[in-house]
Amino acid sequence: MDRVRITVFDTTLRDGEQSPGCSMNVQEKLRLAHQLDRLGADVIEAGFPIASEGDFTAVQAIAATIRRPIIAGLARACSQDIERAWQALRGATRPRIHIFLATSDIHLQYKLKISRQRCLEQARDAVRLAKSFCSDVEFSPEDATRTDHEFLYQVLDAVVEAGATTLNIPDTVGYSMPAEFGELIQSIRQRVCGIEKATISAHCHNDLGLAVANSLAALSAGARQVECTINGIGERAGNASLEEIVMAMRVRPDRYPYETGVISEQLFPASQLLSETTGVPVQPNKAVIGRNAFAHEAGIHQDGMLKNPLTYEIMTPQSVGVPDSRLVLGKHSGRHALGLRCEQLGFQFDRRELDEIYRSFVVLADKIKHVQEHHLLELIQQTRSAMGRIPPGHVEATAAAAVSAVGQTFFQKSSPPAQALDLNIRLHPPADHHAEQEDYLWGV
Ligand SMILES: [Zn+2]
């Protein structure tokens, strides 16, 4: 069965860049745009040309150099903005003018101080003007989710008639709930005249942590474009996260039978580049691309992971471009992971020795958060000396080489999962019932 193709509209360089601490200069934006191109984004919103000289130059530079994706520029619904956006975009292979105008009563009364009638005319005139420059025009009724539905349909009717090719429905303040947002998209499909000529798009903010859920609900209801950002950056609590939306579709095609042009192996590199460029770190437990997204510390998890990664991973780290999953040695780690780490440090132990080391390891791990290589080497030395197996001092000789060969804090499996499993079976006899139980206790 052919899957429905979803247009991925990346607004990292526009909405994302508006978030505190995330502003970028022209060179930085250009570098990121190249990565978004490699990632396979269909549309790159490069900026808001009238906002500043820097924004204008960045949009112009991106339009001139990034040739595959559509390059969009944002404009308010007025001639000055639209003309400026067009000046910046005209060099693009596939330019798009993106116009927005608030439609909710609260925005009309307090921010714009215009009537509904004036709003409707302004939206229509703006789309007509943009259409005279460029065939690809997107319109966003800002604060759509708090707009009176009947009025929203009227505005959308008018802009479709004026030639808008994409109707983007923003949950500007992150207020909507998934079922509700899905119903709104569905009602737009039923109530707006000529809607079949346009693509419906979703643009969700994360104020209640529902941006991705709302975006997915919109796709299920018939939206065919989704607006999102790398790392979910954006105004306030951010926008819908591109990597989460893409991987939700990839991991659960039974629920979301859609495909995108995104090359998922480029997700982690894109996330890293953005974070390095802005200096804004990604939270460690961030879904898909966070430092801990593929880290396993609990003993039961580590044991399962080493036997078969599918026990605890619904997607592989490699599929999103993370070099490999990480097993963190901490107080919840089991004997299995400890044994493998010792192997990586160059030590082979029989069952009795490993038991001994494991006991000391547990005592130490209770005191410190992460047991690092040098701690482990010390433990090995003490234990083996106590057992009369090695003269003190031998461990130090291998320590430097071992520490430089293996990461300082994390244990990274160096082989692909299948080989790691084989290696493990070869080096460790099957754990007896007692050991299994102990691993399970640590995993709870
Ligand atoms: Zn936004």
Side-chain angles (χ1 to χ4, degrees), residues 7-24 29 32 36 41-52 55 58-59 70-77 81 85 96-104 106-107 111-112 123 126 137-147 152 155-156 159 164 166-178 180-181 184-185 199-219 223 225-245 274 278 280:
T7 299
V8 173
F9 179 114
D10 181 281
T11 183
T12 306
L13 299 174
R14 201 279 298 166
D15 213 334
E17 207 240 359
Q18 285 174 219
S19 56
C22 287
S23 59
M24 291 171 248
K29 282 189 168 186
L32 223 23
L36 293 171
D42 299 297
V43 185
I44 296 176
E45 186 162 53
F48 190 178
I50 205 157
S52 70
D55 244 31
V59 175
I70 292 169
I71 306 298
L74 189 70
R76 286 169 298 187
D81 278 41
R96 173 181 295 184
I97 299 176
H98 178 193
I99 299 165
F100 74 100
L101 180 64
T103 48
S104 66
I106 192 163
H107 278 243
K111 188 179 85 175
L112 301 174
V137 175
E138 173 169 330
F139 179 80
S140 291
E142 189 188 0
D143 203 17
T145 49
R146 292 192 301 169
T147 298
L152 182 65
V155 173
L156 295 177
V159 295
T166 299
L167 300 184
N168 180 46
I169 310 303
D171 183 25
T172 306
V173 290
Y175 174 74
S176 202
M177 293 289 135
E180 181 187 23
F181 196 57
L184 177 63
I185 300 292
T199 300
I200 302 177
S201 166
H203 178 111
C204 300
H205 278 269
N206 207 32
D207 298 69
L208 292 172
L210 293 169
V212 170
N214 284 339
S215 304
L216 292 172
L219 295 179
Q225 174 178 286
V226 66
E227 302 199 356
C228 42
T229 62
I230 301 295
N231 295 345
I233 65 166
E235 291 269 24
R236 305 180 312 279
N239 286 60
S241 147
L242 183 149
E243 51 277 358
E244 292 176 26
I245 292 174
L274 176 63
T278 58
V280 176

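Sequence positions, counted from 1, serve as the residue numbers for this chain. Hydrogens, waters and symmetry mates play no part in the numbers below; they use all other heavy atoms, side chains included. Ligands are counted one by one from 1 in listed order, and the atoms in each one are counted from 1 as well.
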(message) Please check: side-chain N/O of D207 versus main-chain N/O of A237, any donor-acceptor pairing under 3.5 Å?
(response) no
(request) With sequence neighbours left out, write down each residue that passes side-chain hydrogen bond (donor to acceptor under 3.5 Å, both in side chains) with T172, or none if nothing qualifies. (result) none
(message) Donor-acceptor pair, distance only, cut-off 3.5 Å: does the side chain of S19 make one with the backbone of C22?
(response) no
(message) At less than 2.8 Å, how many protein N/O/S atoms surround the Zn ion (ligand 1)? Leave waters out.
(response) 3
(message) Under the rule for side-chain contact (heavy atoms from CB on, under 4.5 Å), what residues qualify as partners of A126, not counting sequence neighbours?
(response) A77, I82, I99
(message) Test your reading of the model: is there a side-chain donor-acceptor pair from E243 to the backbone of N231, 3.5 Å cut-off?
(response) yes
(message) For D15, give me all partners under side-chain hydrogen bond (donor to acceptor under 3.5 Å, both in side chains), at least two apart in sequence or on another chain.
(response) H203, H205, N239
